[in-house]
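A short worksheet on the structure shown next.
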Amino acid sequence: MPELPEVETVRTGLAQLLPNKLVTAVTTDTDKSFPNAPSDVKRFLIGASVTDVRRRAKVLLIDLNTGYTLVTHLKMTGQMVYRSNDDHERFGAGHPNDSLINSLPDRSTRVIIEFEDAKLFFNDQRKFGWIRLIPTIEVENLDFFKKVGPEPLSPEFTVQIFMERLQRRKNTNIKAALLDQTVLAGIGNIYADESLWGAKIHPSTLVKNVPDAKLKLLYTEIQYVLRLAIEKGGSTDKNYVNAEGKKGSYMSFARVFRRENLPCPRCGTTIIKTRVAGRGTHTCPKCQPEL
DNA sequence: CACTTGACCTGTCCGC
DNA sequence: TGCGGACAGGTCAAGT
């Protein structure tokens, strides 16, 4: 479930590892994972070198010196794991540190981008994710980027803008509004539940019925939770790992997510799991009473 | 247009 | 032990 903090953690890692690396070969498992025509791959990817690694919303952008960008969405189970050839030989058959995933490629590997002295593995158990090679100047014109909302940790994202944009979804529940990427970018199921608990708002409350004071609190909680999660290297519930194949530790700081039947860290009431906006949803019934 | 639901996939877990 | 079904949840298409 890579959300903003997970994708940002991968970006940070790749930004230290990839610049100036020259692509020597690419292999793909399914067209769905990497749909570009072989002729484009040969012209714009093989022989190109990486100039920058960026993130917008939950999308990873690997810029190349050919004027093309590898646009990557990890969706739910995607991983981008870098291994230098030395490390791969040394750790390929498993590593004493069990936070590292095992030898690569494995059965979830969909794309391998090879460099002169390293490989980048795109693994994706459920095949929902993808990598697309797109001209850099056209990236911002992709439908998703034209519609996506502001970055919640950018200075431009003020509490006023947050409250204005929520009004697009005033008749739906607050959790569905937070998950709507056109309202704001980067929130998924984990950080929706965590920030709503922080602001003491029940996820099924209609946006128009949430008092302004609570929305202001929610704005603060979203930024707090996302920043903390980035600091902890993201959340590993099951599949997520960073660019080095290591897990994130936010889950051990989570207050409600995946903590059903455990005590609320604020009041001790037993946390419950329900379904809101079609998603598994975790709340404290005392801190977040339903209206 | 606003909003909800189902589809896309595979692996895991639970009940029979 | 095996087997069917529910569940995991980001995004888009299709439906109301």
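All chains are named by letter (A, B, ...) in the order of the sequence lines, taking the proteins before the strands, and each is independently numbered beginning at 1.
A side-chain donor from one of K208(A) and N171(A) sits under 3.5 Å from a side-chain acceptor of the other. Side-chain atoms of D63(A) and T51(A) form no donor-acceptor pair, as typed in the model, at a separation below 3.5 Å. Y191(A) and E6(A) form a side-chain donor-acceptor contact under 3.5 Å, judged by distance and modelled atom types alone.
Here R169(A) pairs with D180(A) in a salt bridge; the nearest charged N to carboxylate O distance falls below 4.0 Å.
Put simply, CG on D106(A) and CG on N123(A) are 5.0 Å apart, with the number rounded to the nearest 0.5 Å. Atom CG of D237(A) sits about 10.5 Å away from atom NZ of K247(A), to the nearest 0.5 Å. Distance CD/E116(A) to CG/L22(A): 4.5 Å, rounded to 0.5 Å. Taking NE2 from H202(A) and CD from E290(A), the interatomic distance works out to 4.0 Å, rounded to the nearest 0.5 Å. If you take NZ on K216(A) and CE on M163(A), they are separated by 5.5 Å, rounding to the nearest 0.5 Å. Distance check, rounded to the nearest 0.5 Å: CE of M76(A) to NZ of K238(A) gives 12.5 Å.
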Would S33(A) and T30(A) satisfy side chain to side chain donor-acceptor pair (under 3.5 Å), going step by step from the backbone distance to the final call?
-> CA-CA 5 Å; S33(A) 299; T30(A) 66; 3.0 Å; yes
Determine, step by step, whether T274(A) and T281(A) satisfy the side chain to side chain donor-acceptor pair (under 3.5 Å) criterion, reporting the C-alpha distance in whole Å, the side-chain angles of both residues, the deciding distance to 0.1 Å, and the verdict.
-> CA-CA 5 Å; T274(A) 58; T281(A) 297; 5.0 Å; no
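Taking atom P in both dC9(B) and dA14(C), the straight-line distance is 15 Å, to the nearest Å. Using P as the reference atom, dC14(B) and dG9(C) are 16 Å apart when rounded to the nearest Å.
Secondary structure note: stems in DNA chain C built from 3 or more consecutive Watson-Crick or G-U wobble pairs under 3.5 Å occupy B:2-8 with C:10-16, B:10-16 with C:2-8.
Within residues 185-198 of chain A, the residues that have a heavy atom under 4.0 Å from DNA chain C are, in order of number, G188(A), N189(A). Near DNA chain C, meaning a heavy atom under 4.0 Å from it, residues 143-152 of chain A has F144(A) in order of number.
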Dump every N/O contact between nucleotides 8-10 of chain B and the protein below 3.5 Å, one line per pair.
unit_1	atom_1	unit_2	atom_2	d
dC8(B)	O3'	K32(A)	NZ	3.4
dC9(B)	O2	R126(A)	NE	2.7
dC9(B)	N3	R126(A)	NH2	3.4
dT10(B)	OP1	K127(A)	NZ	2.8

N/O-N/O pairs, protein side and nucleotides 1-5 of chain B side, under 3.5 Å:
unit_1	atom_1	unit_2	atom_2	d
dC3(B)	OP1	N171(A)	N	2.9
dC3(B)	OP1	N171(A)	ND2	3.4
dC3(B)	OP2	R168(A)	O	3.0
dC3(B)	OP2	R169(A)	NE	3.3
dT4(B)	OP2	T172(A)	OG1	2.6

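The only member of R55(A), K232(A), R54(A), K58(A) that meets salt bridge (Lys or Arg N to Asp or Glu O under 4.0 Å) when paired with E8(A) is R55(A).
Contact footprint of chain A on DNA chain C: nucleotides with an atom under 4.0 Å from a non-hydrogen protein atom, first to last in 5' to 3' order, dA8(C) to dC12(C).
Panel note: side chain E221(A), backbone W197(A); no donor-acceptor pair is recorded below 3.5 Å. In this structure, Q288(A) contributes its side chain and C284(A) its backbone to a donor-acceptor pair below 3.5 Å. Side-chain atoms of R110(A) come within 3.5 Å of backbone N or O of D124(A) as a donor-acceptor pair.
The local environment of CG in N20(A) is sparse, with at most 12 non-hydrogen atoms from other residues, nucleotides or ligands closer than 6.0 Å.
A heavy-atom distance below 4.5 Å is found between the side chains of V71(A) and W130(A).
Of the two residues near DNA chain C, K273(A) and K75(A), the one whose nearest nucleotide lies more 5' is K273(A).
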